[in-house]
Amino acid sequence: MKLPKAESYKIKMVEPIRQSTREERELWIKDANYNLFNLRSSQVFVDLLTDSGTGAMSDRQWSEMMLGDESYAGASSYYKVKNAIKDITGFEYFLPTHQGRAAENVLFSALIKEGNLVPGNSHFDTTKAHIEFRKSQAIDCTIDEAFDTELDHPFKGNIDLTKLEKVLSENPKENIPLIIVTITCNSSGGQPVSMQNMREVSEMAKKYDIPVYYDSARFAENAYFIKIREEGYSQKTIREIVKEMFSYADGMTMSSKKDAIVNMGGFIGMRHKEVFDQASVFNILFEGFNTYGGMSGRDMNALAQGLYDGTEFDYLETRIGQVAYLGQMLKDYGVPVQYPFGGHAIFVDAKRFLPNIPKEEYIAQTLAVELYIEGGVRGVEIGSIMADRDPETGENRYPDLELMRLAIPRRTYTNDHMKYVAAAIINVYDRRNEITKGLRIVTEAPILRHFTVELEKL
Ligand code: F0G
């Protein structure tokens, strides 16, 4: 018999979780104003809200925590991360920040001015919010194939070079401070960007003299997909692929809470000293002195080790295999999901799942609430609530895709949990025709409203 694949780690510490009753959940979600961010974690059985900061650290990371150097300036922990970043990404300069959006805040404070355009592939919500907060515009240049959830395409995160060239050629260079390539592209379904696309974006950017930065939260997962799917990379190691990927960029922002498998942390990696000098002013202002920038020494140590853990092939194979395991169970049953499966999450196509709900009633949010009531599984809406209102017109923005994301924390749940999640979704799918009413917004914030929005059932 051919031996099956199995997890590339075993479990040393466990955390109890509890199942609840449907009656309890109906009450709790009503009290939470139908916003899953308002639930207590104790009210959730399998928490797939996010894969951000929710992973399990390795024994090597925990042992590194004990060696943390908490010196205000020049801590050995700072140099440990600096060396790991140089080793893995090739970037010479680095600034620590407390998480990914802080890296965006610091870098954009240095680079983006009012009225600028920032082209990219479906910018993540905090990235877009940081651009719009500076009265600038994020221009989505993702390939059209990304918006067809049924279409099989190996690199749905790719930038459409024609769309990009249109932005670059029709606007003065001074108005385009940078291009942002998100690897993997979270908003389009955790979809990877190919090495060829990165190379071509870099060539085009050079032609127009515009720097390229990668939003790199899931760069290792992106590298795994390149190894598995792109011609010429099957024999390369993940770290060789990662090095080549970053060789096409001028810098990166990182949410270390994803592929560096820590509970908190972020950083900016840079190739140019001028950018480092400009950004470090804002880092000291917003985050902290340049050798800690919002992180404690022990957390920097865990991060340095996490960068190595997260770029091991066996780990990535287990991780992405688990996401696909859940995806395949759903696909086999006919549940509409973004295909191919993403690296960190399964994205359920809510428009096709609940065709009876009009977009004005927040389709993906309605589905996420139903799934919670069904099984205590917490997913998240990636749809029109998250898309916020148009800052100019104040109208709701309805993105092409209404998705419910089920993000899988790293090294945290077993495949039996995935079976449980699949069963809960399938139960909702079986009764989808009875779900005919969605939700209405009662109160909302002007920006990033999904975190605090209050809704009621129609
Ligand atoms: N960029 C991407 C692609 C992200 O997915 C995230 C966070 C950030 C930047 C911001 O990083 O949270 O450390 O400030 N994504 C989380 C998620 C929140 O659930 O997908 P952060």
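Whatever order the structure lists ligands and atoms in, that order sets their numbers, starting from 1. Just the heavy atoms: all of them, side chains too, but no hydrogens, waters or symmetry mates, feed the values below.
Residues His272 and Asp250 bring a donor and an acceptor atom of their side chains to less than 3.5 Å of each other. Checking Tyr248 against Arg199 by side-chain atom types alone, a donor-acceptor pair falls below 3.5 Å. Side-chain atoms of Ser194 and Asn197 form no donor-acceptor pair, as typed in the model, at a separation below 3.5 Å.
Checked for salt-bridge contact, Glu70 and Arg298 meet the test: a charged N lies under 4.0 Å from a carboxylate O. Note on Arg397 versus Asp388: no salt bridge recorded, every NZ/NE/NH1/NH2 to OD/OE distance being 4.0 Å or above.
Using cut-offs of 30° and 60° for the angle between ring planes, the Tyr292 and Tyr72 rings count as perpendicular.
The protein heavy-atom contact nearest to atom 10 (C) of ligand 1 is Thr126 OG1, 3.5 Å. Here the protein heavy atom with the shortest distance to atom 1 (N) of ligand 1 is Asp215 OD2, 2.7 Å. The protein non-hydrogen atom at the shortest distance from atom 15 (N) of ligand 1 is Lys258 NZ, 2.8 Å. Atom 9 (C) of ligand 1 has Glu104 OE2, 3.4 Å as its closest protein atom, hydrogens excluded (heavy atom only). Scanning the protein for heavy atoms near atom 8 (C) of ligand 1, the closest one is Phe124 CD2, 3.4 Å. Nearest to atom 12 (O) of ligand 1 among the protein's heavy atoms is Arg101 NH2, 2.9 Å.
Only one option out of Lys257, Arg410, Lys258 pairs with Asp51 in a salt bridge (Lys or Arg N to Asp or Glu O under 4.0 Å); it is Arg410.
Considering backbone and side-chain atoms alike, Thr127 places every N or O at 3.5 Å or more from each N or O of ligand 1. Residue Leu49 has no N or O atom closer than 3.5 Å to an N or O atom of ligand 1. Checked against a 3.5 angstrom limit, the closest N/O atoms of Gln99 and ligand 1 fall inside it. For a threshold of 3.5 Å applied to N or O pairs, the pair formed by Thr50 and ligand 1 contains at least one separation below that value. In terms of polar-atom proximity, Asp51 is not counted as a contact of ligand 1, lacking any N or O under 3.5 Å from an N or O of the ligand. By the 3.5 Å distance cut-off applied to N or O atoms, Lys257 is not counted among the residues near ligand 1.
Checked against a 6.0 Å centroid threshold, the rings of Tyr429 and Phe353 count as neighbours.
In the vicinity of Thr182, heavy-atom distances shorter than 4.0 Å reach the ligand 1 atoms 3 (C). For ligand 1, the atoms lying closer than 4.0 Å to a non-hydrogen atom of Gly100 are 11 (O), 13 (O), 14 (O), 21 (P).
Assignment of His344 to the shell around ligand 1 is not supported, since no heavy atom sits closer than 4.0 Å.
Taking Arg411 as the reference, Asp309 meet the salt bridge (Lys or Arg N to Asp or Glu O under 4.0 Å) condition, with sequence neighbours excluded.
With a 4.0 Å heavy-atom cut-off, ligand 1 is reached by no atom of Lys128.
Interatomic distance, Lys243 NZ to Ser247 OG, rounded to the nearest 0.5 Å: 10.0 Å.
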